[in-house]
**Student:** 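Provided herewith is a single structure, encoded as structure tokens, for subsequent inquiry.
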Amino acid sequence: MAAVSAPGSTLRVGCIGAGKMARGVLGGLLLSGKVPAQQMTVSAPSGTNLQYFRAQGCHTTHSNISVLYESNVIFLATKPHVIPQVLVEISSAVTSDHVIVSMAAGLSLQTLEELLPDGVRILRMCPNLPCVIQQGAVVFSRGSCAGPEEADMLKDLLSACGMCEEVPESYMDIHTGISGSGVAYVRTSGL
């Protein structure tokens, strides 16, 4: 499968955070061939979380700012309570060439737009754990500056993780409850 391009340039994917969802989503991109490992940079505070990405041939770092210098599409995959601190750290390095995609549950597009410079193209996505085996259900919403090009690019990328659809942001929490938590509910309830 051919690699995907960011609007107006060669796609270089970065990810701040390297936990399970980052491995699931970015692993899908790597397995599908949509993004070559040499065009992916991942940061995390712990070397342990970066081992998977190193083994795949990706660039790894402990510097979140380095991710921005090496990438034009940046996934935010930290815990939601860490995102504001990360955005303060990287805000000065974010340019109009970047597309920011948040995986943080419960963090609205409005909050993301308030914490980043004006005019930044921001999308919010909600993956679920089956993305790890490319059988996930992903929904995403666009911020006020993200247009159809960014939506098409993200949908094409995330199709490597399973089903992917754009939805109104008000549907994101519903998706989290049903698709993200529903599997665990069924498993623990014995249904």
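In what follows, residues are counted from 1 in the order of the sequence shown.
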**Student:** Could you work out, with salt bridge (Lys or Arg N to Asp or Glu O under 4.0 Å) as the rule, every residue matching Lys20, not counting sequence neighbours?
**Tutor:**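 Listed in chain order: nothing, the list is empty.
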
**Student:** Show your reasoning for whether side-chain contact (heavy atoms from CB on, under 4.5 Å) applies to Phe140 and Cys164.
**Tutor:** CA-CA 8 Å; Phe140 71 94; Cys164 178; 3.8 Å; yes

**Student:** How about Ser102 and Arg124: does a side-chain donor come under 3.5 Å of a side-chain acceptor?
**Tutor:** no

**Student:** Can you sort out the partners of Ser141 under side chain to side chain contact (heavy atoms under 4.5 Å, CB included), two or more places apart, ordered by chain and number?
**Tutor:**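 Testing Ser141 for side chain to side chain contact (heavy atoms under 4.5 Å, CB included), a comparison that skips the adjacent residues, returns Leu109, Val167, Glu169, Met172.
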
**Student:** Do NZ/NE/NH1/NH2 and the carboxylate oxygens of Arg142 and Glu166 come within less than 4.0 Å?
**Tutor:**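 Between Glu166 and Arg142 there is a salt bridge, with a charged N closer than 4.0 Å to a carboxylate O.
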
**Student:** Taking atom CD of Gln85 as the centre, report whether more than 12 heavy atoms of other residues, nucleotides or ligands fall under 6.0 Å from it.
**Tutor:** no

**Student:** List the steps and the verdict of side-chain contact (heavy atoms from CB on, under 4.5 Å) for Thr61 and Glu70.
**Tutor:** CA-CA 11 Å; Thr61 180; Glu70 299 295 324; over 6 Å; no

**Student:** Side chains of Gln110 and Glu114: donor-acceptor distance under 3.5 Å anywhere?
**Tutor:**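 Yes.
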
**Student:** If we only count heavy atoms from C-beta on, is the Leu112 to Leu107 side-chain gap below 4.5 Å?
**Tutor:**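 Yes - at least one pair of side-chain heavy atoms lies under 4.5 Å apart.
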
**Student:** Would you say the side-chain atoms of Ser46 pair up with the backbone N or O of Thr48, donor to acceptor, closer than 3.5 Å?
**Tutor:** yes

**Student:** Return the set of residues passing side chain to side chain contact (heavy atoms under 4.5 Å, CB included) with Thr78 (not counting sequence neighbours), or none when no residue passes.
**Tutor:**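 With sequence neighbours excluded, Thr78 shows a side chain to side chain contact (heavy atoms under 4.5 Å, CB included) to Ile16, Val82, Ile83, Val86, given in chain and number order.
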
**Student:** Leu76 and Ile100: side-chain contact (heavy atoms from CB on, under 4.5 Å), yes or no, with the steps?
**Tutor:** CA-CA 7 Å; Leu76 303 174; Ile100 307 294; 3.6 Å; yes

